[in-house]
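Data first, discussion second: the structure below is written as C-alpha cells.
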Amino acid sequence: MEPNSSCFFFFFFFFLLPLGHCISLQVNLTAGNELIEKACQHSPHSDICMASLRTDPNSGQADMEGLALIALKVAHANATDTSQHIAKLLNNSTLDPFIEQCLTDCSEQYVDAADQIEDSLAALTAKGFHDVEAWVKAAIADVDTCEQGFKEKPDYESMLTHRNIIFKQLCNNALAIIHDLH
C-alpha cells in the first residue's frame, strides 16, 4: 500500500465509517420518533402514548404494527404490575371486609384483563384487528368493573383508581394505534 492510500484507509475506517453509522442511527431515531408521533396522534392521551412507546428500545425501528404490539405489551405489563400490587394489599390482615372483597374481585379482574391483552397480542400477530379491539375493550370493561365495586358502598374509596385510570389510558392508546392500522 502506498502512504496516501494507507492514510485514506485509516481515515475511512476510523473516522468516516463510524461517523456514517452515527448519522444513519440519527436518521433512524428521527424517523422512529416521527412514526411514534404519528401513531399517537389520534390517541386521547398522546403524551402518555408517546412516552410509553419510547420506553421500549425497539420502538425506534418499529413499524406501525410493531408500535401497536409495544403498546399492548406496555398495557399487559401494567396489568401484571397492578395484579401484583393488589396481591400485596391483600396481605394486610387488618383490611375492612368490604375492601378485602373489592380487592379480591379486582385481583380476578386484573388477571382476566392481562389474559385478554395476551389474547389481543396473538390476534394482532394474526392480523385479527377486530378481535384485538374486542379483547382490549373487554380488558377495559374488567377494570371498570373493578373500580365500580368500590362504589357499591358509600364512604368507600377505591385504592386502585389511579392504577385503573392508567391501565385504561394505555389500552385506549393501543386501540387508537390499532384503529389506524385498519
Which pairs with one or both residues in residues 38-74 pass disulfide (SG to SG under 2.5 Å), sequence neighbours excluded?
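Those involving residues 38-74 are Cys40-Cys49.
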Keeping to residues at least two apart or across chains, list the disulfide (SG to SG under 2.5 Å) pairs with something in residues 121-166.
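As it turns out, the disulfide (SG to SG under 2.5 Å) pairs with a partner in residues 121-166, which skip direct neighbours, are Cys106-Cys146.
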Could I get the full list of side-chain hydrogen bond (donor to acceptor under 3.5 Å, both in side chains) partners for Asp63, not counting sequence neighbours?
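Expected list: none.
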Just to verify, what does Gln109 make a side-chain hydrogen bond (donor to acceptor under 3.5 Å, both in side chains) with, not counting sequence neighbours?
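Counting only residues at least two positions away or on another chain, Gln109 forms no side-chain hydrogen bond (donor to acceptor under 3.5 Å, both in side chains).
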Closest non-hydrogen atom pair between Leu35 and Ala62, with its separation:
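Closest approach of Leu35 to Ala62, heavy atoms only: CD2-O, 3.1 Å.
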Would you mind writing out the side-chain donor-acceptor pairs for residues 71-80 within the sub-3.5 Å range, not counting sequence neighbours?
from: His76; atom 1: NE2; to: Glu118; atom 2: OE2; distance (Å): 3.0
from: Thr80; atom 1: OG1; to: His76; atom 2: O; distance (Å): 3.0

How far does [atom1] of [X] sit from [atom2] of [Y], to the nearest 0.5 angstrom?
X: Asp81; Y: Ile166; atom1: CG; atom2: CD1; value: 11.5 Å
X: Ile140; Y: Asn164; atom1: CD1; atom2: CG; value: 11.5 Å
X: Lys38; Y: Met50; atom1: NZ; atom2: CE; value: 15.0 Å
X: Leu89; Y: Met159; atom1: CG; atom2: CE; value: 5.0 Å
X: Ile86; Y: Leu103; atom1: CD1; atom2: CG; value: 6.5 Å
X: Leu69; Y: Ser120; atom1: CG; atom2: OG; value: 9.0 Å

Using side-chain contact (heavy atoms from CB on, under 4.5 Å) as the criterion, list what pairs up with Ser83, not counting sequence neighbours.
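With sequence neighbours excluded, Ser83 shows a side-chain contact (heavy atoms from CB on, under 4.5 Å) to Tyr110, Val111, given in chain and number order.
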Count I, L, V, M, F, W, Y as connected when their side-chain heavy atoms are under 4.5 Å apart, and connections chain through other members. Are Ile70 and Val132 then in the same cluster?
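Ile70 clusters together with Val132.
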Considering only distance and modelled atom types, tabulate donor-acceptor pairs under 3.5 Å from the side chains of residues 93-102, sequence neighbours left out.
from: Thr94; atom 1: OG1; to: Asn92; atom 2: OD1; distance (Å): 2.6
from: Asp96; atom 1: OD1; to: Phe98; atom 2: N; distance (Å): 2.8
from: Asp96; atom 1: OD1; to: Ile99; atom 2: N; distance (Å): 3.3
from: Asp96; atom 1: OD1; to: Tyr156; atom 2: OH; distance (Å): 3.4
from: Asp96; atom 1: OD2; to: Tyr156; atom 2: OH; distance (Å): 3.2
from: Gln101; atom 1: NE2; to: Asp105; atom 2: OD1; distance (Å): 2.8

Please check: side-chain N/O of Ser59 versus main-chain N/O of Leu53, any donor-acceptor pairing under 3.5 Å?
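Such a contact is found between Ser59 side chain and Leu53 backbone.
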Ring pair (Phe, Tyr, Trp, His ring centres under 6.0 Å) with Phe129: which residues, sequence neighbours excluded?
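Applying ring pair (Phe, Tyr, Trp, His ring centres under 6.0 Å) to Phe129 gives His182.
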Taking only residues two or more places apart in sequence or in another chain, which ones pass ring pair (Phe, Tyr, Trp, His ring centres under 6.0 Å) with His162?
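Scan of His162 (ring pair (Phe, Tyr, Trp, His ring centres under 6.0 Å), adjacent residues dropped) gives none.
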Show me the donor-acceptor pairs, under 3.5 Å and distance only, between side chains in residues 168-179 and residues at least two apart or in other chains.
from: Lys168; atom 1: NZ; to: Asp144; atom 2: OD1; distance (Å): 2.7
from: Asn172; atom 1: ND2; to: Lys168; atom 2: O; distance (Å): 3.1
from: Asn173; atom 1: OD1; to: Ser43; atom 2: OG; distance (Å): 2.3
from: Asn173; atom 1: ND2; to: Gln169; atom 2: O; distance (Å): 3.3

Using distance alone, with no hydrogens and no angle criterion, decide if Thr161 and Glu147 have a side-chain donor and acceptor under 3.5 Å apart.
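Looking only at side-chain atoms, Glu147 and Thr161 do form a donor-acceptor pair, the distance falling under 3.5 Å.
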Inter- and intrachain pairs under ring-ring contact (aromatic ring centres under 6.0 Å, His included), touching residues 35-59, at least two apart
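Residue pairs passing ring-ring contact (aromatic ring centres under 6.0 Å, His included), neighbours aside: none found.
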Hey, are the side chains of Val143 and Leu160 touching, using non-hydrogen atoms and a 4.5 Å cut-off?
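Not touching, per the 4.5 Å side-chain cut-off.
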Hey, could you give me each pair passing side chain to side chain donor-acceptor pair (under 3.5 Å) that has a residue in residues 121-132? Not counting sequence neighbours.
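The answer is Glu65-Lys127.
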